[in-house]
Amino acid sequence: MDEANLSVVSEFVFVGLSNSWEIQLFLFLFSSVFYVASLMGNLLIVLTVTSDPHLQTPMYFLLANLSIMDLIFCSSTAPKMIYDLLRKRKTISFWGCIVQMFFTHATGGTEMVLLITMAFDRYIAICKPLHYLTIMSPRRCIIFLVISWVIGLIHSVTQLVFVVDLPFCGPNELDSFVCDLPRFVKLACTETYTLEFMVTANSGLISVASFLILIISYIFILVTVQKKSSGGISKALSTLSAHVTVVVLFFGPLIFFYVWPFPTSHLDKFLAIFNSVITPFLNPVIYTFRNKEMKVAMRRLCTQVINYSKIS
Ligand SMILES: *[C@@H]1O[C@H](CO)[C@@H](O)[C@H](O)[C@H]1NC(C)=O
């Protein structure tokens with residue numbers, strides 16, 4: 001058999017829980033609500049930060065950029081997934097799958113680095129407040145941003161280059177709602193052990209490493225604050241608890257997905273849904289609605305819009 005004969009699969013079929021119509025209807029409603037909420041929440045953050053002169057600080061720039069990544073991240077999988085939940089036969093083309101995996105890994109990787117940058121930003125703001133504006137200069141913020149894009153891209157491309165010319169010859173059922181690398185690789189008609197190991201190593205390593213860096217940096221901030229003053233700790237705790245919540249909810253499913261060595265029945269399918277619609281929804285909720293400055297700015301934006309519509 002030559003290579004051309006092997007690659008006969010041109011589309012993949014999602015099997016994810018197709019036998020239960022009720023569960024699919026529930027998942028359809030659930031995902032639609034959270035997808036729309038993620039879109040609106042993140043758009044609101046971007047609009048508020050770009051339009052409000054009081055929010056022109058590094059922290060908000062990073063937050064708005066994180067929201068942009070969230071918008072791309074959830075839009076790369078959720079619309080197709082939601083549409084598919086209502087279809088009997090859920091198919092996706094080979095390149096559709098590759099594009100989906102490219103965007104989820106590129107934006108996901110970028111977000112991890114952005115979260116680390118945001119932790120660094122909080123470290124400087126809390127522990128070296130006098131040097132904050134010189135250390136987090138606009139130029140440096142852009143450099144951090146570019147670095148996070150580059151790392152996200154490298155993370156995604158280095159996995160996909162090994163996958164695009166895998167031979168697929170028969171089995172084409174993905175037991176999930178979205179394309180994910182571990183399942184995709186397993187379908188190839190070739191010895192995939194090394195490739196599977198590489199995917200786990202790459203995605204697993206970047207998730208675990210970012211998670212550890214973040215947790216260590218938060219502990220470091222708390223210890224530094226505690227040494228300096230006993231009163232500062234509660235304020236720092238309240239700022240950091242938002243970050244830590246996001247980090248745990250963001251990385252928990254990912255680490256489980258890529259690093260947990262034992263196969264599970266349905267849990268990882270639900271985690272895929274959680275990951276594509278709930279995680280992008282968390283940033284607006286946690287960073288924004290607990291944040292006074294942001295709430296004030298949104299109210300201001302709201303008043304402006306209302307006044308504007310009265311005039312015109
Ligand atoms: C993203 O971050 C960069 C660098 O800080 C900033 O120039 C840009 O305006 C940010 N984007 C948004 C939408 O805030």
Side-chain angles (χ1 to χ4, degrees), residues 35-76 78 102-156 206 210 213-214 217 221 239-240 242-243 246-247 250 277 279-305 308:
Y35 177 56
V36 172
S38 306
L39 282 187
M40 310 245 283
N42 284 301
L43 272 177
L44 188 61
I45 291 187
V46 174
L47 282 181
T48 313
V49 170
T50 44
S51 69
D52 198 302
H54 302 266
L55 299 184
Q56 307 298 313
T57 68
M59 184 176 109
Y60 290 107
F61 275 139
L62 294 172
L63 182 61
N65 277 292
L66 190 71
S67 282
I68 293 177
M69 284 300 133
D70 268 337
L71 285 171
I72 305 175
F73 179 81
C74 64
S75 299
S76 67
F102 170 78
F103 278 108
T104 46
H105 282 273
T107 50
T110 304
E111 281 193 31
M112 289 183 196
V113 185
L114 272 180
L115 286 172
I116 295 175
T117 313
M118 289 170 79
F120 177 72
D121 170 81
R122 285 304 83 202
Y123 167 73
I124 303 293
I126 294 172
C127 303
K128 300 199 174 348
L130 297 180
H131 304 286
Y132 183 61
L133 287 178
T134 42
I135 296 178
M136 293 301 290
S137 64
R139 209 179 100 86
R140 212 163 276 157
C141 281
I142 292 174
I143 293 177
F144 282 136
L145 191 65
V146 173
I147 291 177
S148 67
W149 286 338
V150 171
I151 292 182
L153 269 182
I154 291 177
H155 161 68
S156 183
I206 192 172
S210 313
I213 292 176
L214 284 164
S217 58
I221 296 176
T239 315
L240 294 184
H243 285 239
V246 166
V247 166
F250 184 94
V277 289
T279 312
F281 173 69
L282 290 174
N283 294 339
V285 172
I286 292 173
Y287 286 118
T288 314
F289 302 123
R290 289 186 63 242
N291 177 325
K292 213 159 159 198
E293 254 178 325
M294 198 74 189
K295 279 194 262 189
V296 172
M298 283 184 183
R299 221 164 290 147
R300 231 175 350 236
L301 181 69
C302 224
T303 328
Q304 275 168 7
V305 171
Y308 182 76

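Whatever order the structure lists them in is the order used to number ligands and atoms, beginning at 1.
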Is the side chain of D121 donor-acceptor paired with the backbone N or O of T117 at a distance under 3.5 Å, no angle test?
no
Among all protein heavy atoms, pick the one closest to atom 14 (O) of ligand 1 and tell me residue, atom and distance.
A64 CB, 3.2 Å
When distances are taken from atom 4 (C) of ligand 1, the protein heavy atom at minimum range is I142 CG1, 3.5 Å
Identify the protein heavy atom lying closest to atom 6 (C) of ligand 1, giving its residue, its atom name and the separation to 0.1 Å.
F61 CD2, 3.7 Å
Ligand 1 atoms in contact with T50 (distance to a heavy atom under 4.0 Å)
13 (C)
Side-chain contact test, heavy atoms from C-beta onward, threshold under 4.5 Å: evaluate it for R122 versus M118 and give yes or no.
no
Can you list the atoms of ligand 1 that are under 4.0 Å from a heavy atom of L145?
1 (C), 2 (O), 3 (C)
Using modelled atom types only, decide if a donor and an acceptor are shared between the side chain of D52 and the backbone of L301 within a distance under 3.5 Å.
no
Provide the number and element of each atom of ligand 1 under 4.0 Å from a heavy atom of I68.
13 (C)
Specify the protein heavy atom at minimum distance from atom 5 (O) of ligand 1: its residue, its atom name, and the distance to 0.1 Å.
C141 CB, 3.2 Å
Please check this pair: side chain of S156 against backbone of L153, looking for a donor-acceptor N/O pair closer than 3.5 Å.
no
Under 3.5 Å, side chain of T279 to main-chain N/O of F250, donor-acceptor pair present?
no
Report yes if the side chains of L114 and L145 come closer than 4.5 Å at any heavy-atom pair, otherwise no.
yes
Quick one: which ligand 1 atoms are inside 4.0 Å of a heavy atom on N65?
1 (C), 2 (O), 3 (C), 8 (C), 10 (C), 11 (N)
